[in-house]
Each structure stands twice: as C-alpha cells, then as structure tokens.
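What you see is a predicted model, and the numbers here were worked out from it, not measured in a lab. Note: hydrogens, waters and symmetry copies are ignored here, and every other heavy atom, side chains too, is used. A, B, ... follow the sequence lines: proteins, then strands. Residue 1 opens every chain.
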There are 2 protein chains.
Amino acid sequence: MNTRVSIQDVAQLAGVAVSTVSRVLNGYRDVSEETRAKVQRAVEQLGYRPNQAARTFRTGKTQSVSVILPMIGTDFYNRLINGIDQVLALHDYDAGLFPLLSPRRLERYRNPSAPPYNADGLILASLNPDRLFEGGQIPADLPTVLVDIAHTAYDSVTVDHIEGGYLAGKHLLERPAPTFVVMIEERFDTPFASGVFRERLKGFQRALEEDSVKLPKDHVITVEFSWDGGRLAAQEILRRLEGPANIFATCDLLAQGLIDEFAHKGIKVGGEVRLVGYDDQPWAEAYGLSTVKQPIESMGGLAANLLLKRIKRPPAEVIHRVLSPRLVVRESSRV
Amino acid sequence: MNTRVSIQDVAQLAGVAVSTVSRVLNGYRDVSEETRAKVQRAVEQLGYRPNQAARTFRTGKTQSVSVILPMIGTDFYNRLINGIDQVLALHDYDAGLFPLLSPRRLERYRNPSAPPYNADGLILASLNPDRLFEGGQIPADLPTVLVDIAHTAYDSVTVDHIEGGYLAGKHLLERPAPTFVVMIEERFDTPFASGVFRERLKGFQRALEEDSVKLPKDHVITVEFSWDGGRLAAQEILRRLEGPANIFATCDLLAQGLIDEFAHKGIKVGGEVRLVGYDDQPWAEAYGLSTVKQPIESMGGLAANLLLKRIKRPPAEVIHRVLSPRLVVRESSRV
DNA sequence: TTGAAAGCGCTAACAG
DNA sequence: CTGTTAGCGCTTTCAA
C-alpha cells in the first residue's frame, strides 16, 4: 500500500511539478520555504517513500558499498565495520556485508553479477584478491579498497605490524630476560592468510637486534590460533626455564591462554614473567594484559573515505595508507 | 566499460529486437534455436551483463531477501545461513545479511528506507519484533518469516526446545543419580533474549516429573554464557557432592567448561559423572560430548521456502512450523 | 516466432 | 524559484 504512491501523487496533492518534489526530496536549496512545506506535508500525508530501485536506476548509484570479509562477529571486524559505517553515514552511504562463510558463497562471489558487485564500491577486508580470484582480478570492475592487507594494484589501508612487534620488543627489553615469542602457524592455502603474524615477529626481532639480543630459534613457539594454543605454549616455556622471562604473544587470545595456564601453575604474570599480547581484545584490560592496539576504527574510516573519493572521481594512482599501532602497558608487563 | 553495453547494443549486433534479446536472457522457450544462438553470441562478444538496477526497477523484484540476525560467525548462524542460502539459490534468490552489530545499526534499521527493507522479503532470526521495534511493527511492510523465535503475527520456524530438554532428561534418567542443570541467565532487556534456555530447562524438568524425580531448586545452577561459566558450575557441583551425578548443561559451551574443569580435578566425564549438552557444536564430537542437536539447516531452509511462498502470493493465515531436535549420545553420558 | 512500442519512477537539463 | 520534458534499460503487452 506504500509502493503504489509515487512522486506523481505527491506532486499532484501538493499542487507542484514532480521536479519540484524531487528537488525537495533531495535537499536542493533553491526551493522556497513555502513550497518545501507544502511538499513535505503531502509526503507525510500520503506516507510516500521514494522508490529506491527507480532512483538507483536513474542515477546509476546505489548509495551503498559492499564489504567482503572473512567473517563477522569478532572484535576486529566489529570495530572495522563500525569505523566504515560511521564514515559512510556521513555521506549517506550504506555498507552491505558479505562474509565468506562458506565455499559456496565464495564461489558465488566469483560471478560478476553477484550481489556484492551491485554497489558503488567495494571494500575487501583481510582478503587477498590474488588468492580469492583468478589472476587477482576482482570479477566486477568497480572502485575497490583493500583493508588489513596490501596489494600493488589496489588502494589499501593497513596497520604496520612490524612496528607493532617492534614496540612490544622495545618494551620488553627494558628488563632483559630470556625471551620467547608465541607464534601462529599461518597456512598458505587459505584466502585469509595475510602474513600479519610473521610481520609481528619480524618487528619484534628487529627490536632485539637493535640491542644485539639474540632470539634463539627454539624460543619461537608455534601453536594454533586458540586459547589452548596459549596454554600449550605456557607449558612449553615452563618446561624450559624457571625464573624471569619476557614473552611476546602475537595475539591476545594466545596471551590469555598463557595467563590462564601460568595462573594455574601458581605464577602470576607481571613481575618475573612479563607478557605482551597483540590486539587489545575487549577483555584485555580486565586481564591486565599489556598489548599492542591497532587503530581498527580509523582503518575502516580511512578505507571508507578513500573509497568514496574513488567513487566520486577515480584518481590516477594507487594509494597506500599505513597506520601505526600503539602499545598499551598494563600489569602483565610491569617489572 | 561494461555498464555502457545495453540490451540495445546486443539487439543491434544480433540483428534482432530488444524484446527478443530479453526473451533469450530470461530463458523463454518460444525463441528459435537460431536466434537464441545469434543473441548469445552477441552477448558474449560484447561482454554484456544486464543492468540489475533497471531490472529491479522494471519488475519491482530484487530477487533477494534480507536476513536480520544478532551476529554472524557462530556455528548456529553459519548453519542457519547455509540452510537459507541453499534453498534461495534454487529459486534464483540471494540473501542479504544484516547483523545487529551495534546499537547504531539497529537504529538505522528502524528507518523503513533502510537497506534491509530493500528486498522482496525478510527473515528475522532469533530476534523478537516486539523488542526490536515500536509496537512490534516491522518498519517496512514486506513478507516476513521469523526463525528461532515465534510470534502470533508472523510466520515462524522454530525448534522445540522443550522437547530437547525432555530428551536430555529421559536419557540421563536411565541411570538415576543426583541431578544438576546448568542454566544461563537470560536478561530481559536485550533484543536477543528469546527464552530458549528456560524452555530447555522446562522440558528437562518435565522428563523428571514423569518419573517422579525431584529437581531441587538449588540444583539449578545459573551462570554466565561462557566457558568460565561452565567451570564455575563444575566447581559448585563438586563442592556439593562426590560420587555419581547427572548433569544437563543447557548449552555446549557450558558443557565444555564443565568437562575441562572436571578433567582438571582428575574426573573424567562419562561413567560416574554423566553430562549432556545442547547445540552439537563442531567440537562436540571430538570432546565426546552427548548433546541435543537442532535441525538448524532445515530450519533455515524451511524459513526460506515459507518466505518465497509468501512472496509469490501472500497466503491467508500465519504459519508456524516447529521442528524436533534429536539427541546425540556420545562418551560423556555413557553409563 | 518475432518486432514495435509503452512505460515503470525518478532525476536533470533546459526554459521560463 | 518552478514547470516541462526527455530518457535511464528493461520487461511485457499487443500485433503481425
């Protein structure tokens, strides 16, 4: 009963031309207050709502951008989406979310007519086009920005994980002690493998090198991305040493496992055993976990801004923006 | 370079009328093989892809339905979406996903022009319209099906959690012993509170009542929805008794906490201490956890089917479908 | 089996 | 400041 009401009906009731109604609806300023009021009254009276399809058809703009990402519901992606949403809202844009939940979905997104490409622009989060699509070619040709991953052919916004690792390293070095890194094994065969953990390790090593501190190969403990992985790492470390230690967990989830397992063995983290995580998960503060915090919202916001710009007028060159993380010091790394 | 190619261009190159091209594109059968071939050749040659916006505009159909849900990425919602996707694909439909990630998003979805309502139909998962919207009125008036929750005014597909609890109860009763239920506290003030945990408890109690077994009030232990909640519950139970016990955890996550904490105290679940969970999480099998499994994919598929029917021709009355869960017996509840 | 043509609802020149 | 009007690309009668 609503779709039947068109701009024509509004014009008629308001006693003006359709173009005038259109102008009011789109917030043009060259309309007298009087007509504007008349039109708005008619709109409300009829319960008129613009036909979005007609608008899109006419303008060729959907006022929406698609975000393809591995999943939704983690702290990282929630924050990222919030950052994107916030900027888009300022420009009357919306974000359509397309998580790669199943292989079937990925398959469908290979089709250039798939819903994600039915938008004015595309944000690819944590996803490498080279791994996702044949030839690294995104099926549809529309303005694209990558987030959390870099690529020569596309605009990107990333966080400098090398710097993040470096910050953790410098901080732990304040009190020398046997040092361990707990790593995640990144498989190469998934579309999600972005190499961030290796970068974090690299930065950490760089910090140590600057101070001529050696990190023995077997002090890099590789486990699964899980709480249990952290616990296993803690056991491994305890097997190898007693007394002070510096530990860098390449993500907070691992750090949590470490803390819990240490607590279990009656060891409180912070003091003798110092620990720095990565991500600043929501619970990190309550855990007293020192950690590297990424500017995730900013990353999303920047990506959205870049994309909107590219939608307006495709710029000449590819743009890469790299953001700096910062270290949040809490109990777990106090001396 | 692709959007510029229209059906006109194809018609011209193929030497036919646009209406003929349209017919071929839409798979009508009253087209000679010869023209069909000509058209298809032209389509490929030009790399033509139909303008989706024009199509939607013309037909008034988007060939998509929106799914509003609390989040994405949990096993439950992944399976639900898969079930929905599968059925929709059969009918050339797509699902747009709209998770309620933040209050801002919910606020936006109160607007009848918001993206979710720009579809042919709507699926609301685990979300009660009464809590979500003023007066329980969905902002836009379009075919709607609820999933995982029931409502007098809308079609719905749900799982009978009372039956699920009942199954767990009957099973545990096979070997009488002091019995505990670990519950989740459901707050009333969130849009997500659906009351499923209370239903599970209710069914469980019903099973006990049938055999005249009493469940003391203080044998219902209420904790948070978390792994730690399960651990706390385990500690509580251990404090109160030694020897055999039957435990019903109203969700697998709690059950996992229980198992881990028991293991910790050197107690293997299965045998003396018997445990049944709920949900059949992906890891449940590896944990040897007996659990109640919901037909989630079927629920999604059914909802999609119902919605498609309602889109075709709005049926007269509200339809409610209730599915039965089933019990999966594994090590954790073996006698 | 095919073609001609109307028009979906809206925006954006262009005139006035 | 406001009205007139020409389509955007497609589907769908209606005729042939």
Side-chain angles (χ1 to χ4, degrees), chain A residues 1-43 46-64 92 112-113 117-118 120 140 312, chain B residues 1-43 46-64 92 112-113 117-118 120 140 312:
Chain A
M1 75 195 298
N2 203 317
T3 17
R4 320 228 66 141
V5 182
S6 88
I7 199 172
Q8 297 262 13
D9 305 309
V10 177
Q12 195 161 14
L13 180 63
V16 297
V18 289
S19 53
T20 303
V21 178
S22 177
R23 276 189 277 262
V24 172
L25 257 32
N26 292 288
Y28 285 57
R29 11 66 157 303
D30 54 348
V31 181
S32 76
E33 264 321 309
E34 199 190 332
T35 15
R36 183 183 301 280
K38 262 196 303 190
V39 169
Q40 262 151 1
R41 213 172 317 124
V43 163
L46 295 172
Y48 167 75
R49 275 175 322 99
N51 179 328
Q52 201 43 55
R55 221 175 226 182
T56 298
F57 169 53
R58 177 56 231 243
T59 62
K61 289 267 162 274
T62 62
Q63 297 293 348
S64 79
D92 257 309
S113 298
Y117 312 117
N118 210 145
D120 300 345
K312 267 199 191 142
Chain B
M1 74 196 296
N2 201 316
T3 18
R4 321 229 64 140
V5 182
S6 87
I7 200 171
Q8 296 263 12
D9 304 310
V10 178
Q12 196 162 12
L13 180 63
V16 299
V18 289
S19 51
T20 304
V21 177
S22 176
R23 278 189 275 261
V24 172
L25 257 33
N26 293 288
Y28 285 56
R29 27 18 184 318
D30 54 349
V31 180
S32 76
E33 263 321 307
E34 199 190 334
T35 14
R36 183 182 301 281
K38 264 196 301 189
V39 169
Q40 263 152 359
R41 214 175 313 125
V43 163
L46 295 172
Y48 167 75
R49 277 178 318 101
N51 179 328
Q52 202 44 56
R55 221 175 227 183
T56 297
F57 169 53
R58 177 57 230 243
T59 62
K61 289 266 163 274
T62 62
Q63 297 292 349
S64 80
D92 256 311
S113 297
Y117 312 118
N118 211 142
D120 300 345
K312 267 200 190 140

Length of the line joining A/Arg55:CZ and C/dC8:C1', which is rounded to integer Å: 16 Å

Taking salt bridge (charged side-chain N to carboxylate O under 4.0 Å, His left out) as the test, write out the residues that go with A/Glu34, two or more places apart. none

For A/Asp9 against A/Arg4, the heavy-atom pair lying closest together: OD2-O, 3.6 Å

For the pair made of CD in B/Gln8 and P in D/dC10, what is the distance, rounded to whole Å? 9 Å

Which whole-number value in Å describes the distance from B/Tyr48 OH to D/dG9 P? 10 Å

Looking at B/Thr59 and B/Arg55, would you say the former's side chain and the latter's main chain have a donor-acceptor pair under 3.5 Å? yes

Counting only side-chain heavy atoms from C-beta out, which of C/dC10, D/dG9, C/dT11 sits nearest to A/Thr59? C/dT11

Five-pair end axes of the helix from C/dT1-D/dA16 to C/dG16-D/dC1 and the angle they enclose, rounded to 10°: 30°

Between A/Gln63 (CD) and C/dT11 (C1'), how many Å, whole number? 13 Å

Closest heavy-atom pair, A/Leu25 versus A/Tyr48, reported as atoms and distance to 0.1 Å, is CD2-CE2, 3.5 Å

Which atoms form the tightest heavy-atom contact between B/Asn118 and B/Ser64, and what is the distance? O-OG, 4.3 Å

Expressed in angstrom and rounded to an integer, what is the separation of B/Arg58 atom CZ from C/dA5 atom P? 17 Å

Donor-acceptor under 3.5 Å (A/Asn26 side chain, A/Arg23 main chain): no

On the side chain of B/Thr20, is there an atom forming a donor-acceptor pair with the base of C/dG3 - under 3.5 Å, no angle test? no

Within a 6.0 Å radius of atom CD on A/Gln12, are there more than 12 heavy atoms belonging to other residues, nucleotides or ligands? no

To the nearest angstrom, how far is A/Gln12 atom CD from D/dT4 atom P? 13 Å

Sub-4.0 Å heavy-atom contacts from residues 21-43 of chain B onto DNA chain D, ordered by number: B/Ser22, B/Asn26, B/Tyr28

Would you say the side-chain atoms of B/Asp120 pair up with the backbone N or O of B/Lys61, donor to acceptor, closer than 3.5 Å? no

Check the pair A/Ser19 / A/Ser22 against side-chain hydrogen bond (donor to acceptor under 3.5 Å, both in side chains), numbers first and verdict last. CA-CA 5 Å; A/Ser19 53; A/Ser22 177; over 6 Å; no

Given C/dC10, D/dC10, C/dT11, the nucleotide with the shortest approach to the side chain of B/Asn51: D/dC10

Using whole Å, report how far CZ of B/Phe57 lies from C1' of C/dG7. 8 Å

Separation of C/dC8 atom P from A/Arg4 atom CZ, nearest Å, is 12 Å

